[in-house]
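Beneath this line is the structure, given in structure tokens, with notes to follow.
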Number of protein chains: 2
Amino acid sequence: MDASQTISQMVLETLRKINRAIGLRSRQLVKTVGLTVPQMLILKEVVESGESAIGHVAAHVSLSQATVTSIVDRLEAHGLIVRRRGSADRRKVLLAATERGAEIVARNPAILQEQFTEAFSKLEPWEQTQILSSLQRIATMMNAEQIAVPPILHEESWSEHESELAATQRPEASPVS
Amino acid sequence: MDASQTISQMVLETLRKINRAIGLRSRQLVKTVGLTVPQMLILKEVVESGESAIGHVAAHVSLSQATVTSIVDRLEAHGLIVRRRGSADRRKVLLAATERGAEIVARNPAILQEQFTEAFSKLEPWEQTQILSSLQRIATMMNAEQIAVPPILHEESWSEHESELAATQRPEASPVS
DNA sequence: CGCGAATATTTCGTATACGAAATTACCTAC
DNA sequence: GTAGGTAATTTCGTATACGAAATATTCGCG
């Protein structure tokens with residue numbers, strides 16, 4: 001947290017740190033519950049909204065279809081949900097939770113927050129609201145910008161390096177003896 | 001944004017959305033500048049702090065050493081930084097930016113924000129401060145919890161599925177003729 | 001009917017991310 | 001001086017995440 005940074009930079013830096021904390025938390029979850037946060041999110045969504053298509057779930061949890069597909073692969077491998085081709089529209093793949101899956105969600109309604117919720121609930125109500133409002137403000141700003149994609153740099157000089165070093169072989173820093 | 005959610009849940013949901021927006025933004029960056037956000041972050045750190053060890057950089061950008069290693073691989077492949085074994089302590093791998101790398105950072109001091117900074121700077125100063133403070137509040141709460149790892153569930157019934165379905169083969173939803 | 005546009009999902013390639021184990025180097029006590 | 005512990009980095013395995021392209025299906029229009 002260098003004093004020479006702009007507030008904007010500090011905001012982004014803090015967001016990255018929060019994000020990392022969430023990621024680490026997710027990995028701890030694997031050890032206790034056996035599922036990561038994204039997996040829980042999707043399982044929960046499926047349980048609560050009944051049989052629903054992949055695209056529907058993806059939109060609800062704010063992830064791409066491709067991402068949901070791979071997470072569903074794991075949930076299905078664990079026997080927590082099942083895929084079923086839609087009968088009305090056979091392009092769709094409907095997801096349904098198995099008993100096992102439903103049980104896990106039912107047994108852990110707050111599993112996704114737990115400790116965070118605990119700490120958060122100790123704040124004053126007006127403070128909670130303010131924090132949420134600040135976050136939504138940021139989310140809105142970011143989404144708005146997501147649309148516009150002004151090509152910033154480029155000029156020249158870039159991309160010639162691409163081909164020669166494309167292979168993911170790391171040149172040893174220095175072959176010591 | 002369901003009305004039936006607790007504020008805490010909404011906070012987490014909003015954080016995930018913000019995070020996604022940052023991720024998407026990062027991918028756009030690849031097209032304009034040729035580097036992702038994490039790559040820029042590390043390159044910038046190396047340029048600004050001179051020759052520094054991997055561990056040092058990792059701590060500064062809040063990422064694990066393993067992650068930094070792989071990102072450095074790519075930056076090195078692109079000829080933006082070089083690895084050098086430390087002479088004093090040969091366990092350390094020192095990073096230094098090449099001319100090319102330094103030039104990119106120099107030419108794009110604000111590349112990491114750009115549009116976000118633009119929008120953010122239009123807010124009232126007191127509002128900016130408030131947002132930052134809200135975020136730091138959250139970050140602090142999350143880091144504090146990172147320490148304690150109370151085993152929540154487990155009971156039994158878990159993990160027997162692991163072995164039989166470990167392979168990443170997806171059982172076709174239903175082999176429709 | 002039948003073909004092309006539209007829609008839904010999966011596959012493929014790439015880039016983060018992390019923990020745990022392996023590797024290499026250093027350092028201290030004996 | 002060497003054995004054992006510590007420290008720094010890399011390797012390995014796994015899980016997200018996404019875009020772009022491929023695939024499968026539906027639907028509209030002639």
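To find a chain, count down the sequence lines: A is the first, B the second, and so on, and within it residues start at 1.
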Nearest-Å distance, [atom1] ([X]) to [atom2] ([N])?
X     : N      : atom1 : atom2 : value
B:R84 : D:dT9  : CZ    : P     : 13 Å
A:L94 : C:dT10 : CG    : P     : 11 Å
B:L95 : D:dT9  : CG    : C1'   : 11 Å
A:I22 : D:dA15 : CD1   : P     : 20 Å
B:R27 : C:dA15 : CZ    : C1'   : 7 Å
A:R25 : D:dT16 : CZ    : P     : 15 Å
B:D73 : C:dT16 : CG    : C1'   : 13 Å
A:L29 : D:dT16 : CG    : P     : 11 Å

Strictly below 4.0 Å: does [X] bring a side-chain N or O up to OP1 or OP2 of [N]?
X     : N      : answer
A:Q65 : C:dA8  : no
B:T67 : C:dT16 : no
A:K31 : D:dT14 : no
B:R85 : C:dT24 : no
B:Q28 : D:dG19 : no
B:R20 : D:dT16 : no
B:R90 : D:dT9  : no

Considering the options A:K92, A:R85, A:R84, which one meets the salt bridge (Lys or Arg N to Asp or Glu O under 4.0 Å) requirement together with A:E51?
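When salt bridge (Lys or Arg N to Asp or Glu O under 4.0 Å) is applied between A:E51 and each of A:K92, A:R85, A:R84, only A:R84 qualifies.
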Using a 4.0 Å cut-off on heavy atoms, which residues in residues 53-64 of chain A reach DNA chain D? List them by number, or say none.
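Within this stretch, A:L63, A:S64 sit under 4.0 Å of the strand.
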Consider only side-chain heavy atoms of I, L, V, M, F, W and Y, link residues closer than 4.5 Å, and tell whether B:L75 and B:I54 are in one cluster.
yes
State yes or no: do B:L12 and B:M141 share one hydrophobic cluster built from I, L, V, M, F, W and Y residues joined by side-chain heavy-atom distances below 4.5 Å, directly or via other members?
yes
In terms of the nearest nucleotide of DNA chain D, which residue is placed more toward the 5' end: A:I71 or A:G86?
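By nearest-heavy-atom nucleotide position, the 5'-most residue is A:I71.
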Residue closer to the 5' end of DNA chain D, A:V68 versus A:S87 (nearest nucleotide):
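In this pair, the answer is A:V68.
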Can you tabulate the close N/O pairs, meaning under 3.5 Å, that link protein atoms to atoms of nucleotides 3-7 of chain C?
from	atom 1	to	atom 2	distance (Å)
C:dT7	O4'	A:R91	NH1	3.1
C:dT7	O2	A:R91	NH1	3.3

Inter-axis angle, terminal five-pair segments of the helix from C:dC1-D:dG30 to C:dC30-D:dG1 [nearest 10°]:
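Inter-axis angle at the termini of the helix from C:dC1-D:dG30 to C:dC30-D:dG1: 10°.
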Inter-residue atom distance A:T14.OG1 - B:Q136.CD, 0.5 Å rounding:
4.5 Å
Heavy atoms from C-beta onward define the side chain here; which of D:dT9, C:dT9, D:dT16 lies closest to that of B:V93?
D:dT9
